Amino acid sequence: MAMASARSTLEIVPHSGDLEVPPADVPRQDSLYRDATRPAHGGHHGQDNWVRTLRLGFQCVGILYADLGTSPLYVFSNTFKYGVGHKDDVLGVLSLIIYSFLLFAMVKIIFIALYANDDGDGGTFALYSLISRYARVALIPNQQAEDDLVSSHRHLSATRRRAQWMKNLLETSKPAKLTLFFLTIFATALAISDCMLTPPISVLSAVNGLRLRAPHLTTDQIVWITVGILILFFAVQHLGTDKIGYTFAPLVVVWLLLIAGIGLYNLIKYDIGTLRAFNPKYIFDYFRRNKKKGWVSLGEILLCFTGTEALFADLGYFSIKSIQLSFSFGLLPSVLLTYIGQAAYLRTHMDMTISNAFFNSIPSTLFWPTFVLALLASVIGSQAMVSCAFATMSHLQTLSCFPRVKILHTSRRYSGQLYIPEVNFFLCVASCIVTISFRTTGFIAKAHEICVALVMVITTLLMTIVMLLVWKVNIWWIAAFFVVFMSTETVYLSAVLYKFTQGPYFPLAMSAVLMVIMIVWHYVHVKRYKYELQHTVSPDEVKHLLERHDLKRVPGLGLFYTELVQGIPPIFPHLIEKIPTVHSVIVFISVKHLPIPHVDVQERFLFRQVEPKESMVFRCVARYGYRDTLEMAGDFVATLVEYLQYYVRDLSLYCTAEPLRTSYPSIRIDSFRWEKKPSGRSGRSGHGHGIHAEEMLTPIQSFSELTMHQVGMSNRLPQFQTAKMNLEEMLRIEEDQKVIQREVDNGVVYILGETEVVAKPHSNLLKKIAVNYIFDFLRKNSRKGEKMLSIPRGQLLKVGITYEI
């Protein structure tokens with residue numbers, strides 16, 4: 001198509017040859033997708049080679065396995081706290097330990113759950129984000145069609161009838177969305193509560209071993225020694241997982257080798273017949289003899305696989321191969337030999353005190369080396385849960401489910417290794433309080449059990465949804481997985497709940513407090529977003545504001561931060577009304593986290609220009625994965641301006657004449673227009689305020705690339721075979737780019753909305769308490785937005801406004 005102007009024109013002529021008509025199903029790309037054809041990284045850790053796998057496998061030992069490796073310190077002593085009733089009861093409990101460990105730790109977590117990861121990240125939140133990629137279950141209506149085009153998003157349509165049924169159920173049923181969200185944050189709250197219990201029970205169990213050589217030590221002295229060790233442990237967390245892993249790993253390796261050797265020694269010396277515990281008939285005999293007492297003891301037996309939930313959640317620190325390798329050939333044989341050796345000793349010493357069964361079974365010459373290593377290993381065992389807490393809190397931040405905290409990345413080599421000072425301090429204080437308050441491992445163990453049992457059940461439910469929705473697995477395998485694990489885990493859970501008043505209420509109470517914080521924070525965030533969405537400024541009103549005679553334009557670039565990705569927020573006319581002055585170039589920026597670990601920088605930005613074009617006002621959505629780090633303000637502006645200039649060039653290039661007519665199918669975008677759909681047409685966001693985008697085709701390649709590559713032009717952009725561009729328009733493009741750069745050089749000002757949210761006067765009492773008091777308290781005591789965005793104080797401008805929700 002030719003330009004309407006008769007002035008001198010520059011014609012873009014493709015390479016001579018026959019034009020190839022593009023296939024009908026070629027998708028149209030949005031604003032910043034000219035570089036999107038380059039594949040992003042395929043996984044969280046890239047392609048693992050054996051050197052890397054062995055290195056990570058070595059770190060796994062130090063970070064993940066110390067908790068599982070120190071469970072022999074307290075499993076038998078808590079299970080037989082009232083003594084051994086029958087000699088074969090030891091074999092029955094050992095058989096339960098062996099098969100529980102193999103079933104839940106090895107089969108479920110290591111060889112099934114690790115594959116239900118979100119591009120390399122594991123845990124409850126990773127399962128939720130994976131489900132969010134295949135079904136729109138998010139409660140915040142900020143989904144955009146462009147998000148599905150991100151190369152690492154991999155949003156695939158449901159190809160099976162069962163997958164389509166599950167997708168429709170999750171997307172159309174509000175109770176299903178709320179239930180899924182509730183289960184996710186409940187499991188998260190339990191995991192964080194468990195982080196307060198693992199350090200006390202592990203360290204206290206090890207320190208109790210001192211009483212065999214120093215019987216004069218009192219309980220108070222044991223408790224304060226434990227507290228001192230816990231404080232030291234949390235004090236070194238700022239060094240980072242990478243350094244801690246390399247420091248701790250050799251100690252844990254020595255510990256696992258030592259307890260395996262002691263277990264083998266006890267087995268040969270005391271009772272080689274203990275190996276009969278591999279026969280599951282001893283499990284049935286145990287329950288037949290002990291009946292209700294045997295069922296109740298399942299709560300203590302499940303302590304043998306505590307730490308597996310953290311192992312799954314900490315997958316983002318390592319890789320599947322490294323975990324499977326180190327678990328199968330390192331942890332598994334060592335731990336099983338330890339339990340078998342203890343059982344052999346107990347069968348020949350049934351009259352001894354069970355409270356220190358592990359240390360009693362150690363040869364006297366090895367007591368002090370074993371005690372020192374046990375103490376170190378128990379401290380290290382807490383590392384997996386602390387790392388889990390850091391990763392979980394990072395996920396909560398990106399989903400707007402928790403007040404803002406400072407998140408530090410401690411390793412340049414491996415992304416995902418985090419340190420959060422506020423969380424570390426809170427866990428340190430909570431662990432010390434638990435130790436001082438409860439003083440013995442018995443009460444803490446019962447509290448520990450409920451966290452493990454409930455997280456197991458919730459993980460099974462979420463994994464079943466993943467199998468139905470995502471995995472192309474035979475339905476009978478899914479049914480077998482659900483029946484086997486849900487039935488067995490429910491039995492363990494019932495045994496724990498039977499002793500509810502003896503300790504399990506404590507983590508549930510802590511989880512309830514955490515859930516109140518998460519629910520209130522997320523509820524107000526959703527309500528605030530919907531309020532802004534309903535009160536977006538219309539294009540006519542924006543145009544009127546920008547063309548006001550009393551509006552002054554001052555030099556510089558104004559970056560106006562807003563959470564709204566659809567339209568101009570209501571705080572903008574509020575600013576113009578109070579201070580009728582804006583910058584020469586304005587960019588409304590929405591920082592948005594997608595339910596994927598990473599977004600490539602070339603796919604990060606989406607732009608639209610706000611009418612009138614002469615006003616130089618733009619809207620931008622900056623997209624990040626939940627493991628991506630926000631850049632420093634200066635670096636962010638540099639990248640933003642670079643891609644903004646690309647957008648201005650491409651927009652001017654393709655909008656200088658009548659809209660292009662092409663046979664390509666249209667992708668209607670929800671995010672960049674304000675016209676509301678009729679109520680009869682449901683938008684992608686799933687509510688009555690669906691948003692359409694202008695029908696604009698932005699090229700995969702920029703204009704400069706077109707002029708440089710003549711060969712093959714015809715099959716790259718055949719629609720430009722007759723395109724002509726006015727030379728004057730090209731000069732205008734260059735001038736617009738210079739204007740943007742000049743205003744950046746004049747200075748950048750960051751404008752943040754300081755939004756205060758209050759409940760409407762007619763709201764019920766519960767809503768007023770949640771919004772006016774709880775949320776207000778959390779907002780005032782959380783980290784400020786400018787600190788999270790690393791904005792220099794001298795370039796910050798805050799605009800206050802109050803919303804009634």
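What you see is a predicted model; the values in this text were computed from it and never measured.
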field: ring pair (Phe, Tyr, Trp, His ring centres under 6.0 Å) partner of Trp295, chosen from Phe287, Tyr286, Tyr498
entry: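 Running ring pair (Phe, Tyr, Trp, His ring centres under 6.0 Å) over Phe287, Tyr286, Tyr498 with Trp295 returns exactly one hit, Tyr498.
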message: Using side chain to side chain donor-acceptor pair (under 3.5 Å), reason through Ser511 and Ser193 one step at a time and then give a plain yes or no.
response: CA-CA 6 Å; Ser511 299; Ser193 299; 3.0 Å; yes
task: For residues Thr70 and Trp255, determine if any side-chain heavy atom of one lies less than 4.5 Å from a side-chain heavy atom of the other.
output: yes
query: Any side-chain heavy atom of Phe186 within less than 4.5 Å of one from Thr124?
result: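 They are not in side-chain contact.
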Could you check whether any side-chain N or O of [X] sits under 3.5 Å from a backbone N or O of [Y], counting only pairs where one atom can act as donor and the other as acceptor?
X	Y	answer
Asn266	Ser361	yes
Ser494	Val491	yes
Ser202	Pro199	no
Ser297	Gly294	yes
Ser326	Ile323	yes

message: The criterion is side-chain contact (heavy atoms from CB on, under 4.5 Å); which residues satisfy it with Ser71, sequence neighbours excluded?
response: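 Scan of Ser71 (side-chain contact (heavy atoms from CB on, under 4.5 Å), adjacent residues dropped) gives Tyr74, Val75, Tyr339.
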field: Aromatic ring pairing Phe305/Phe104, orientation class (parallel under 30°, perpendicular over 60°, tilted between)
entry: tilted
Partner residues of Phe367 under the ring-ring contact (aromatic ring centres under 6.0 Å, His included) criterion, sequence neighbours left out: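 With sequence neighbours excluded, Phe367 shows a ring-ring contact (aromatic ring centres under 6.0 Å, His included) to Phe359, given in chain and number order.
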field: Qualifying residues under ring-ring contact (aromatic ring centres under 6.0 Å, His included), relative to Phe481, sequence neighbours excluded
entry: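 Scan of Phe481 (ring-ring contact (aromatic ring centres under 6.0 Å, His included), adjacent residues dropped) gives Phe485.
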- request: Decide, yes or no, whether a salt bridge links Lys281 with Asp285 under the criterion of side-chain N to carboxylate O below 4.0 Å.
  value: yes
task: Could you verify whether a donor N or O on one side chain and an acceptor N or O on the other, from Asn360 and His349, lie under 3.5 Å apart?
output: no
- request: Give a yes-or-no answer on whether the side chains of Lys108 and Thr308 include a donor-acceptor pair shorter than 3.5 Å.
  value: no
- prompt: Is the number of heavy atoms from other residues, nucleotides or ligands under 6.0 Å of Phe111 CZ greater than 12?
  reply: yes
query: Does Trp477 CH2 have over 12 foreign heavy atoms under 6.0 Å away?
result: no
Phe278 and Tyr99 aromatic centres sub-6.0 Å: no
